[in-house]
Participant: 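One structure, as structure tokens, below. Some questions next.
The figures that follow rest on heavy atoms only: side chains count, while hydrogens, waters and symmetry mates do not. Letters go in sequence order (proteins before strands), and every chain restarts at 1.
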Amino acid sequence: MTFSQKILDWYALNKRSLPWRNTVNPYKIWLSEIMLQQTRVAQGTSYYLSFEKHFPTIFDLANASEEKVLKLWQGLGYYSRARNLHFTAKHIVTNLNGEFPNTYKELVKLKGVGDYTASAIASISFNEQQAVVDGNVYRVLARYYGVDLPINSAEGIKYFKTLATEVMHSSDIRDYNQGIMEFGALQCAPKNPDCTICPLNDSCVALQKNLVGKLPVKLKKIKVKKRNFNYLVVVDGNGNTLLQQRTGKGIWQNLYQFPLLEEEADAKTIYDLYNKVLPTVKAKDIRLFNKDAIVHKLSHQHLFTHFWILKVDEVLEDGIAFSDLEKYPVPVLIADFIKTF
DNA sequence: AATTCGGGGAT
DNA sequence: ATCCCAGAATT
């Protein structure tokens, strides 16, 4: 039996019941694929259901505000996915008459859609012969065929896409693609897979050569930068506070946060500097909310964070009631603070 | 070609 | 701590 047939047979027996598996609607498939980029099924599922409910069609998504889209995306991370999702919905409604592109070639032109996602939508929604290559597929192919090319090198990316295309099933591409990913997620797991019950264990190169723990090969680990965040939590005469939207480059684009001073600082320094971000506000009292820094860990940055409670007498024009903060899309770091404050 | 985008779960 | 997740865009 061929590799692809074994994958298909395994999938038929082991596939999970997931919300986006009840449809081939390209809008729904697109939604699920964007959400699941670099995201586990367990984390993404509730967000998928939420978006499906709030935006049943691409028109609903296109007509929504970015703020609402980001709010529903809050906590899922990689927020450019949400901004691009919204941009592409508007693009399809405005420029493509609301009709979703139906070929790999056209799909890959969409913002936020790369080789993987275009292949997934083309194969699942339109039955086009396109092999998906995600993290699961890299692992399954690297092990089964004993390939030690780094999966994140230009040569590796090209090689694995070619290999995936060569070994894909010639029919049932829809189930085959989902099957090889499911197989990678459940059976050919990153760590300590149970190869004794694997249907491919009679022909897996990595298993025969005892390389299961060594493959796939991935180049270099990332370097983590440390940053010091000092958030100014203003409390004005009405008990309201201030938020600012993050603009420009960097993390959390277009999300909201308290006014931020990014530097090492003690109470005196903060007191001296607060008017840099709040020039119109006179501070009456300032106190440190958390003595030990809250360390918020992102993949490339560790944020050592202090929250400063800044009391002022005046009533701020753009003050926001604390009970209204939940309306704004904020990073998890801010949401966690609001919860405990 | 290398870096940068989040957050969480498993080990 | 480290790894990695149904990757893509930017530098």
Participant: For A/Ser80, which contact category applies under a 4.0 Å heavy-atom criterion: base, sugar-phosphate, or nothing?
Facilitator: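 Counting heavy atoms under 4.0 Å across all strands, no contact is made by A/Ser80.
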Participant: When the P atoms of B/dG9 and C/dA8 are considered, how many whole Å apart are they?
Facilitator: 24 Å
Participant: Quickly work out the A/Leu303 CG to B/dT4 P distance and round it to whole Å.
Facilitator: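 Rounded to the whole Å, the gap is 14 Å.
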Participant: Looking at B/dG8, C/dC5, B/dC5, which one has an atom nearest to any side-chain atom of A/Gln43?
Facilitator: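 Of the candidates, B/dG8 comes closest.
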Participant: Just checking A/Gly184: base, sugar-phosphate only, or nothing, at a heavy-atom cut-off of under 4.0 Å?
Facilitator: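 Nothing: the residue A/Gly184, judged by heavy atoms under 4.0 Å, touches no strand.
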Participant: Closer than 4.0 Å, any side-chain N/O of A/Tyr79 to the OP1 or OP2 of B/dG7?
Facilitator: yes
Participant: So, OP1 or OP2 of B/dG6: does either fall under 4.0 Å of a side-chain N or O from A/His300?
Facilitator: no
Participant: Would you say the side chain of A/Arg83 and the base of C/dA8 hold a donor-acceptor pair, judged only by whether the two atoms sit under 3.5 Å apart?
Facilitator: no
Participant: Under 4.0 Å, counting only non-hydrogen atoms across every strand here, what does A/Val137 touch: a base, just sugar-phosphate, or nothing?
Facilitator: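 Contact class for A/Val137: none.
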Participant: Within the structure, does a side-chain N or O atom of A/Trp252 lie under 4.0 Å from either OP1 or OP2 of B/dT4?
Facilitator: no
Participant: How would you label the contact of A/Ala120 with the nucleic acid (heavy atoms, under 4.0 Å): base, sugar-phosphate, or nothing?
Facilitator: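 The answer is nothing, as A/Ala120 stays clear of every strand by at least 4.0 Å.
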Participant: Measure from CD1 on A/Ile157 to P on B/dA1 and round the result to the nearest Å.
Facilitator: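 Those two atoms, CD1 and P, are 9 Å apart.
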Participant: NA contact type, A/Lys249, heavy-atom cut-off 4.0 Å: base, sugar-phosphate, or nothing?
Facilitator: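 Sugar-phosphate: the residue A/Lys249, judged by heavy atoms under 4.0 Å, touches backbone atoms but no base.
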Participant: Consider the side chain of A/Pro331, meaning its heavy atoms from C-beta on, and name the nucleotide among C/dA6, B/dG7, B/dG6 that approaches it most closely.
Facilitator: B/dG7
Participant: Rounded to the nearest angstrom, tell me the gap between atom CG in A/Leu85 and atom C1' in C/dA6.
Facilitator: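 It works out to 15 Å between those atoms.
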Participant: Can you check whether A/Lys191 has a side-chain N or O nearer than 4.0 Å to OP1 or OP2 of C/dT2?
Facilitator: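 The answer is no; no side-chain N or O of A/Lys191 sits under 4.0 Å from OP1 or OP2.
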Participant: Provide, to the nearest angstrom, the distance between the CD atom belonging to A/Gln38 and the C1' atom belonging to C/dA9.
Facilitator: 13 Å
Participant: With rounding to whole Å, what would you report as the distance between C/dA9 and B/dG8 at their P atoms?
Facilitator: 24 Å
Participant: Rounding to the closest angstrom, what is the interatomic distance between B/dC5 and C/dC4 at atom C1'?
Facilitator: 16 Å
Participant: Categorize A/Val41 for me: base, sugar-phosphate, or nothing, with a 4.0 angstrom heavy-atom threshold over every strand shown.
Facilitator: sugar-phosphate
Participant: Describe the nucleic acid contact of A/Gln253 in one word from base, sugar-phosphate, nothing, applying a heavy-atom distance below 4.0 Å.
Facilitator: nothing
Participant: Taking atom C1' in both C/dC3 and B/dG6, compute the distance separating them and give it to the nearest angstrom.
Facilitator: 15 Å
Participant: Could you check how far NZ of A/Lys220 sits from C1' of B/dA1, rounded to whole Å?
Facilitator: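 It is 8 Å, rounded to the nearest whole Å.
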Participant: Base, sugar-phosphate or nothing for A/Trp73? Non-hydrogen atoms, less than 4.0 Å.
Facilitator: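 No contact.
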Participant: For a quick check of understanding: with a heavy-atom distance under 4.0 Å over all strands, which category does A/Gly44 fall into, base, sugar-phosphate or nothing?
Facilitator: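 If one applies the 4.0 Å heavy-atom cut-off, A/Gly44 turns out to touch nothing in the nucleic acid.
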Participant: Which one, B/dG6, B/dT4, C/dA6, comes nearest to the side chain of A/Ile222?
Facilitator: B/dT4
Participant: Pick base, sugar-phosphate or nothing for A/Leu76, based on heavy-atom distances below 4.0 Å to the nucleic acid.
Facilitator: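 It contacts base atoms.
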Participant: Is the distance from the ring center of A/Phe307 to that of A/Phe341 below 6.0 Å?
Facilitator: no
Participant: Ignoring hydrogens and angles, answer whether the base of B/dG6 and the side-chain atoms of A/Thr39 contain a donor-acceptor pair closer than 3.5 Å.
Facilitator: yes
Participant: Quick check on ring-ring contact (aromatic ring centres under 6.0 Å, His included): which of A/Trp252, A/Phe55, A/Tyr47, A/Phe51 does A/Trp73 satisfy it with?
Facilitator: A/Phe51
Participant: Can you find a side chain N or O atom of A/Gln301 that sits less than 4.0 Å from OP1 or OP2 on B/dC5?
Facilitator: yes
Participant: What integer distance in Å separates A/Asn192:CG from C/dC3:P?
Facilitator: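 In whole Å, C/dC3 P and A/Asn192 CG are 15 Å from each other.
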Participant: So, does A/Thr117 get its side chain near the phosphate of C/dA8, meaning an N or O under 4.0 Å from OP1 or OP2?
Facilitator: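 Answer is yes, contact under 4.0 Å.
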Participant: Just the rounded figure in Å: distance from P of B/dG7 to CG of A/Asp336.
Facilitator: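 Going from A/Asp336 (CG) to B/dG7 (P), I get 9 Å.
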Participant: For A/Asp115, report the nucleic acid contact type (base, sugar-phosphate, nothing); a contact means any heavy atom under 4.0 Å.
Facilitator: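 Here A/Asp115 touches the backbone only, sparing every base.
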Participant: Rounded to the nearest Å, what distance is computed from the CG atom of residue A/Asn84 to the P atom of nucleotide C/dA8?
Facilitator: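 Distance check: A/Asn84 CG to C/dA8 P gives 11 Å.
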Participant: How do A/Arg16 and A/Leu110 order along DNA chain C: which one's closest nucleotide is nearer the 5' end?
Facilitator: A/Arg16
Participant: If the cut-off is 4.0 Å, is A/Lys225 near the phosphate of B/dT4, judged by side-chain N/O to OP1 or OP2?
Facilitator: yes
Participant: Check for me: is A/Tyr78 stacked on B/dC5 by the 5.5 Å centroid and 30° plane-angle rule?
Facilitator: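 Here the ring of A/Tyr78 and the base of B/dC5 are stacked, with centres under 5.5 Å and planes under 30°.
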